[in-house]
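The next block holds one structure in the form of structure tokens; read it before the comments.
Within every chain, numbering begins at 1; the chains are lettered A, B, ... in the order of the sequence lines, protein sequences first and strands thereafter.
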Protein chains: 2
Amino acid sequence: MVTIQDVAKAAGVSVATVSRVLNNSPRVTPETRMIVEAAIKELNYQPNLLGRNLRRAESKTILVLLPSISNPFYSRVVRGMEDTAQKYGYNIMLCNDYSEAEMEKNYLELLKKRIADGVIFTAPVLSAGELEDIAKDYPVVQCCEYIPGASLSHVSIDNEAAAYKAVKHLIDLGHRRIGFVGTQSVFISAIQRENGYKKALLDHGIEVSPELIQYGNYGFLSGLNVARSLVKMKNRPTAIFAISDVMAMGVMRAITDCGLSVPKDVSVVGFDNIDFSSMISPALTTVSQPRYRLGQTAMEILLEQLKNGTREVKEVILDSKLVIRDSTGALKSAYTPV
Amino acid sequence: MVTIQDVAKAAGVSVATVSRVLNNSPRVTPETRMIVEAAIKELNYQPNLLGRNLRRAESKTILVLLPSISNPFYSRVVRGMEDTAQKYGYNIMLCNDYSEAEMEKNYLELLKKRIADGVIFTAPVLSAGELEDIAKDYPVVQCCEYIPGASLSHVSIDNEAAAYKAVKHLIDLGHRRIGFVGTQSVFISAIQRENGYKKALLDHGIEVSPELIQYGNYGFLSGLNVARSLVKMKNRPTAIFAISDVMAMGVMRAITDCGLSVPKDVSVVGFDNIDFSSMISPALTTVSQPRYRLGQTAMEILLEQLKNGTREVKEVILDSKLVIRDSTGALKSAYTPV
DNA sequence: TTGTATGCGTTATCAC
DNA sequence: GTGATAACGCATACAA
């Protein structure tokens with residue numbers, strides 16, 4: 001392995017000078033700079049970051065925790081983080097935490113071990129207290145999911161308003177009996193989306209019927225199972241709002257399994273606008289989040305904190321929009337539910 | 001930050017002794033070990049890996065390059081790598097190379113910079129020569145896609161045999177006019193799957209018709225466009241084999257867009273068995289790869305190389321299997337294509 | 001402007 | 001079994 005020593009020797013200067021060239025120090029003659037750069041190229045020298053990082057007490061690596069890379073929602077979020085990190089000379093370390101507190105704790109060790117300089121959570125399952133503890137020593141940003149009230153930065157969308165928009169779309173189409181497929185999870189998005197659903201109904205004089213509210217676990221199969229009971233009701237809903245596209249796909253399957261069709265018999269709205277939502281038939285009406293910008297903004301906030309050594313709490317809410325496709329349609333006038 | 005020095009002081013021993021305790025050296029009295037461990041716990045000490053890694057000249061990190069985490073095929077492959085790496089005390093650094101040689105080269109710098117100890121490619125676009133150059137200095141393993149003939153380890157499946165099985169399934173159902181939707185890419189899987197398709201036809205006395213072979217670019221939309229021309233032929237195929245599930249989904253959409261139905265009018269087979277393939281209607285018949293084991297095996301080979309300092313080339317081929325679902329059916333006897 | 005020397009935190013080699 | 005110390009590769013304070 002070729003080290004800074006070898007370059008110094010080859011260039012006939014000291015290691016300090018080579019180091020200065022590497023770090024673009026202004027205090028170095030153009031002439032010697034040329035010589036050093038020539039030696040660097042000649043020897044094909046690459047600085048050993050292990051040495052540099054130790055000396056600088058930083059790793060130039062940001063930890064990014066997500067539930068699972070198999071969740072298609074996060075791919076563009078990660079892209080936003082990645083591009084931004086790279087722009088500032090950082091690498092990201094992508095880790096699946098499988099929504100397990102134990103896994104998250106394990107990965108946070110990487111901070112203490114100096115393998116990473118900061119962390120972005122996309123869907124933390126640790127408690128506010130635990131996160132705040134980390135944030136005392138290291139920059140922490142929450143992206144997408146976050147713990148309300150925790151004194152930690154986050155960047156997300158207004159899930160309640162977004163869900164409201166989605167349900168209002170159904171109401172505008174004439175639907176009044178609207179089912180809800182969600183989850184009983186710790187994630188704020190699940191709670192806020194349910195709130196948005198309820199608020200939209202109430203604001204339009206529609207009663208919230210507990211029997212129309214069903215909970216699954218985010219999976220396709222749970223969406224399928226849960227929706228089946230909705231569809232088989234004697235007085236079934238004419239539309240269903242699911243809090244994720246994957247669950248919405250389960251809902252659609254449940255509907256077609258019962259010999260009904262989307263949107264003719266039941267309209268369906270999802271949430272997230274994952275790539276697959278436009279690939280299925282009928283293409284899914286859903287809520288689109290600015291995924292790239294979510295990741296980008298989160299990374300910018302984190303790097304800003306890192307640069308300034310500040311721990312200012314920033315709370316950023318970005319816009320979302322309803323994408324209307326083919327899975328929602330006007331209520332058939334012939335069919336008049338109570 | 002608490003260092004090994006602090007622990008030594010607190011325990012009343014030398015740093016050497018603390019280091020021995022940390023590394024489970026046998027030459028340390030149980031008694032002093034207890035004292036040191038107590039001090040470690042007391043101070044909540046965590047070894048600074050930057051120091052350790054510099055000293056040991058290793059990073060305990062493996063680079064994993066994949067085209068994009070948005071490709072759902074790789075999620076379980078990565079899981080297999082991740083679990084295995086963790087088991088041996090390694091972390092993985094997941095990087096999207098977007099099938100760009102430039103990106104791959106950039107990430108390979110991490111090896112020279114000592115940020116990573118080895119690399120696994122899932123779908124390399126660099127040339128055999130470039131990869132072999134890397135492999136001279138660092139452990140390299142190819143997982144899933146690989147460059148045939150390169151003197152580099154790889155673990156994959158027999159794509160030709162798998163495709164053969166898929167097409168034979170269609171032939172067994174009575175189909176003789178079978179379309180192919182693939183890509184003209186550098187990836188071996190694309191080539192081998194096309195070969196498997198052709199071989200299956202020839203082995204069963206079916207002529208290979210160039211007009212039934214269509215190429216796209218792996219995307220849903222390209223599958224859709226390409227299949228449209230197949231479906232609109234006056235003498236359209238009664239079955240279509242696509243080399244990926246995502247393209248198969250495009251094919252299915254093209255079929256239903258034309259007012260036809262799957263599998264009644266056209267049977268469809270995909271490849272990869274991504275999660276979504278069982279979520280769509282009708283559920284997709286496809287080829288399942290042992291994704292977890294692919295990743296696991298690749299990582300094991302890499303870590304083995306790292307441990308032994310050997311560069312032995314291993315070529316591992318794992319089994320795949322056809323998963324028959326609802327998108328394939330027997331040829332309707334009423335409809336008799338030429 | 002350049003060189004010398006020290007230290008980042010750890011491990012490992014040598015004495016004892 | 002334990003301790004003092006050099007060394008990993010680099011950046012920087014200080015001296016020249």
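A:Arg52 has a side-chain polar atom (N or O) that falls below the 4.0 Å cut-off from OP1 or OP2 of D:dA11. In this model, the phosphate group of D:dG3 is approached by a side-chain N or O of B:Thr17 to a distance below 4.0 Å at OP1 or OP2. A:Thr29 has a side-chain polar atom (N or O) that falls below the 4.0 Å cut-off from OP1 or OP2 of C:dT2. Remark: A:Asn48 is not in phosphate contact with D:dC8, judged by side-chain N or O atoms under 4.0 Å from OP1 or OP2. When the side-chain nitrogen and oxygen atoms of A:Asn53 are compared with OP1 and OP2 of D:dC10, none of them lie within a distance under 4.0 Å.
Residue contacts shown for A:Ala57 are absent, as no nucleic acid heavy atom lies under 4.0 Å away. Counting any heavy atom pair closer than 4.0 Å across all strands shown, A:Ser19 reaches a base atom. Here A:Arg114 lies out of heavy-atom contact (under 4.0 Å) with every strand. Base engagement by B:Gln5 is indicated by at least one non-hydrogen atom pair under 4.0 Å involving a base atom.
Counting only heavy atoms from C-beta on, A:Val15 has its side chain closest to C:dA5 among D:dG9, C:dA5, C:dT10. When each of D:dA13, C:dA12, D:dG3 is scored by its nearest atom to the side-chain atoms of A:Arg20, the top-ranked nucleotide is D:dA13. Side chain of A:Arg27, nearest nucleotide from C:dG9, D:dG3, C:dT2: C:dT2. Proximity note for A:Arg56 (side chain, C-beta onward) versus D:dA11, D:dA6, C:dT4: the nearest is D:dA11.
Looking at A:Arg79 and A:Asp83, a side-chain N of the basic residue comes within less than 4.0 Å of a carboxylate O on the acidic one, giving a salt bridge. A salt bridge is defined here as a Lys NZ or Arg NE, NH1 or NH2 lying under 4.0 Å from an Asp or Glu carboxylate O, and B:Glu58 with B:Arg114 fails to meet this definition. Classification of B:Asp133 and B:Lys136 as a salt-bridged pair holds, one side-chain N sitting under 4.0 Å from a carboxylate O.
Counting to the nearest Å, the C1' atom of D:dG9 and the CG atom of B:Leu54 are 6 Å from each other.
Inter-axis angle, ends of the helix from C:dT1-D:dA16 to C:dC16-D:dG1, five pairs per end, rounded to 10 degrees: 40°.
Annotation: proximity of residues 31-47 of chain B to DNA chain D (heavy atom, distance under 4.0 Å) is found for B:Thr32, numbered in ascending order.
Atom CD1 of B:Ile147 sits about 6.5 Å away from atom OG of B:Ser127, to the nearest 0.5 Å.
For C:dA12, its base never sits under 3.5 Å from the side chain of B:Arg55 at any donor and acceptor pair.
Few gaps surround CE on A:Met1; more than 12 heavy atoms of other groups in view lie less than 6.0 Å from it.
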